[in-house]
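Remember, it's 1-based here, ligands and their atoms both numbered in the order they're listed.
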Amino acid sequence: MAILLFKTNPYMPIPDRSRSAGARSRKARLRVLFQVETRFRQGLSDEGMGWYWKRLSSLQRSVTILFIFLIGISVVYFYPSSKEGTELSHNGKRGSHSGAIDKLDPAEQARMEEEKQKIRHARKQIDDIVKRVKVGTKKGPPVNLDKVANILPVEDNKDDKIEDDERFPHGNVDEDNGKDDNVDGQIVPPQKGDSDDFKVEQNGDKAYNFFDSDRPINERQKAVVDAFKHAWVGYKKHAWGHDEYHPISRTHSEWFGVGLTILDSLDTIIIMGLKEEYDDAREWVKEKLTFDKNQDVNLFEITIRALGGLLSAFHLSQDVLFKQKARDLGERLLPCFNSPSHVPFSDVNLKTGKAHAPRWGPDSSTSEVTTLQLEFKDLSRVTGEVKFEDAVTRVSNHVHNLPKKDGLVPIFINANTGNFRSSGTITLGARGDSYYEYLLKQWVQTGKTEDMYKEDFVQAVEGIKKHLLRESQPNKLVYVGELLGGRNFSPKMDHLLCFLPGTLALGYKNGLPSEHMDLATQLARTCYEMYNKMPTKLSPEIVYFNQAPTGKDDLIVKPLDSHNLLRPETVESLVYMYRYTKDKKYRDWGWQIFQAFMKYTKVEGGFSSINNVKSPGNPGFKDKLESFFLAETLKYLYLLFSDDPRLLPFDRYVFNSEAHPLPIYAS
Ligand code: DMJ
């Protein structure tokens with residue numbers, strides 16, 4: 001209500017946005033309402049009632065009449081009693097403050113009890129109205145309040161009594177002081193995360209403590225943890241606080257200048273229970289991390305790696321430091337969406353907010369503008385600020401309405417016109433991949449309430465089957481090719497596409513058709529064979545599938561495609577396949593891949609991408625440790641080998657495109 005009136009009254013002060021709870025919160029809200037009402041009346045006499053009234057829309061007029069009516073009720077019922085209520089509750093003991101109540105006779109006490117009931121009822125009605133009006137002022141279509149209640153995070157949906165301040169139970173980050181308002185209305189400084197803080201409630205389960213030394217961990221997991229520590233030691237020694245690490249030369253470089261490797265690794269460290277590493281990383285985030293930099297960043301990359309990493313670290317640790325940093329970053333990324341079409345520009349300057357298309361061309365990548373939604377939606381949930389979710393939902397709605405080829409999309413989209421590039425290539429590899437991934441995962445994240453995403457995903461799978469699916473010769477490996485220029489089939493498949501079996505399996509597990517699981521099973525085998533058929537047992541970046549009946553090898557690797565960047569997609573899919581089928585072969589495939597990484601990419605300073613998977617004698621180091629090796633590849637391997645059913649269950653968490661787990665909201 002206050003916001004509604006402020007919009008039409010230039011004299012109205014901006015209402016106090018600080019959050020509080022319980023009785024204090026209700027009283028504060030009522031005080032604001034009285035102030036609003038007074039200022040509103042002043043506005044009327046200053047400007048002339050008729051003039052003022054005409055400026056209001058019919059909705060505003062109805063709400064104003066309702067508001068004045070409620071003020072009347074509150075004057076009659078509430079005001080005289082609120083003083084009494086205050087006296088009653090002082091010192092936490094009813095009637096103990098003045099002793100006056102004790103002196104009343106029983107009939108009088110009963111009458112007062114009845115009065116108090118009425119007051120409580122009136123207060124609740126006022127709260128409900130305030131709540132509805134506040135929600136109703138949100139941009140975009142009207143909000144279905146039932147739906148709002150239904151999208152609370154599973155782990156937070158403990159209380160039926162949903163106060164306005166409790167819609168997002170983690171509270172808000174105060175814009176001025178960077179501190180956190182918790183649900184009790186107190187300012188909470190960033191907490192040091194000691195191991196007792198690492199207990200994540202999982203929908204009524206006993207708390208999960210990531211730093212519990214008694215957590216079950218098997219030999220294969222230990223080997224993965226050792227690999228992580230090996231890389232971390234090198235990074236810490238030679239590249240601490242820098243974005244990228246070069247483990248051969250033992251140097252570092254910057255991409256965005258935000259300590260990207262640390263941010264991308266935070267949740268892996270927590271999941272693996274590495275306390276010492278966690279303390280170091282947290283300390284760096286607290287003392288050194290700043291996004292206040294005159295620095296252009298790629299919206300997609302920083303979102304999936306840094307924003308996703310911080311949000312995930314927040315969820316797993318409940319440490320508000322990570323939420324504050326995530327919010328600051330989210331704010332700085334929002335200007336990207338101020339394009340004429342609201343489809344975001346690909347890059348933005350963190351300090352100036354100036355956004356632009358990539359230097360190399362006019363268009364944004366389709367996967368990049370559609371792989372922000374999980375993170376921005378989650379940021380809205382944890383901060384209580386709808387603007388993040390609004391920005392990305394507008395993009396999703398826009399893309400949903402664009403013409404497609406049986407659900408398949410070209411890989412470039414123009415932020416100015418909002419249209420796909422005509423004759424753009426169609427692929428589920430680079431620049432297309434995570435558009436499809438996030439269709440399914442947004443549906444999952446929102447507790448399967450937003451069917452638009454599911455329908456687009458199902459349609460896209462039909463499109464894949466119709467236009468892109470083929471079998472290689474002679475071994476009939478099922479693969480997904482590309483349509484060059486949107487028309488001409490090419491039997492090319494990026495390793496990046498190997499996320500697809502896992503995503504299909506996730507969809508099947510959430511109720512999509514069993515053919516999706518059949519396809520997942522076939523593609524998972526193909527992705528494994530991309531490793532298994534190479535002399536190093538490591539996959540190249542890109543393969544071409546033999547289509548000629550006479551050829552003897554199913555896979556053709558061109559010299560420029562023979563590198564391996566330590567990518568995660570195949571092991572990612574193996575986790576889903578193992579969790580959903582319990583077929584041990586998926587673990588064995590993962591173990592084989594892990595051993596190949598150990599044999600060919602491990603160096604003294606850490607792990608390095610290699611140039612040629614076909615040359616076991618001379619794979620050639622690229623001198624680069626991609627942060628996704630720590631964020632994704634090793635994390636997924638750790639999860640693949642885990643026997644602990646309580647470790648990040650897939651019906652509680654959805655993983656973003658960089659393997660950062662975010663909570664699923666209850667349906
Ligand atoms: C990661 O940064 C993400 O998985 C992204 O969606 C695609 N590529 C890399 C890893 O291969």
At a 4.0 Å threshold, what atoms of ligand 1 neighbour a non-hydrogen atom of R305? 2 (O)

Would W589 and Y531 count as a ring-ring contact (aromatic ring centres under 6.0 Å, His included) if you check the C-alpha gap in whole Å, the side-chain angles of each, and the deciding distance to 0.1 Å? CA-CA 9 Å; W589 292 355; Y531 287 77; over 10 Å; no

V478 backbone acceptor or donor facing T526 side chain under 3.5 Å: yes

Nearest neighbour in protein (non-hydrogen) for atom 10 (C) of ligand 1: E569 OE2, 3.2 Å

Give, for atom CZ of F322 and atom CG of L316, the distance between the pair rounded to the nearest 0.5 Å. 10.0 Å

Say whether S434, considering both its backbone and side-chain N or O atoms, lies within less than 3.5 Å of an N or O atom on ligand 1. no

For the aromatic rings, using the six-membered ring if either is Trp, is the centroid distance between F597 and F629 under 6.0 Å? yes

Hey, what's the ring geometry for F650 with F655, parallel, tilted or perpendicular (30° and 60° as the breaks)? perpendicular

Any N or O of E658 closer than 3.5 Å to N or O of ligand 1: yes

Which ligand 1 atoms are under 4.0 Å away from a heavy-atom of I304? 2 (O), 3 (C), 5 (C)

Where's the contact between E626 and ligand 1, heavy-atom distance under 4.0 Å: side chain, backbone, both or neither? neither

Please find out if less than 6.0 Å separates the ring center of H230 from that of F607. yes

So which protein heavy atom does atom 6 (O) of ligand 1 come closest to, and at what separation? S657 OG, 2.6 Å

Numbered atoms of ligand 1 (with element) below 4.0 Å of L496, judged on heavy atoms: 7 (C), 8 (N), 11 (O)

Main chain of L428, side chain of D433: is a donor-acceptor contact present, judged purely on distance under 3.5 Å? no

I'd like to know whether ligand 1 has E632 as a neighbour, heavy-atom separation below 4.0 Å. yes

With nothing but distance in play, are any N or O atoms of E437 less than 3.5 Å from an N or O of ligand 1? no

Geometric N/O contact D433 with ligand 1, under 3.5 angstrom: no

If we ignore hydrogens and angles and just use 3.5 Å, is the side chain of S317 paired with the main-chain N or O of D319 as donor and acceptor? yes

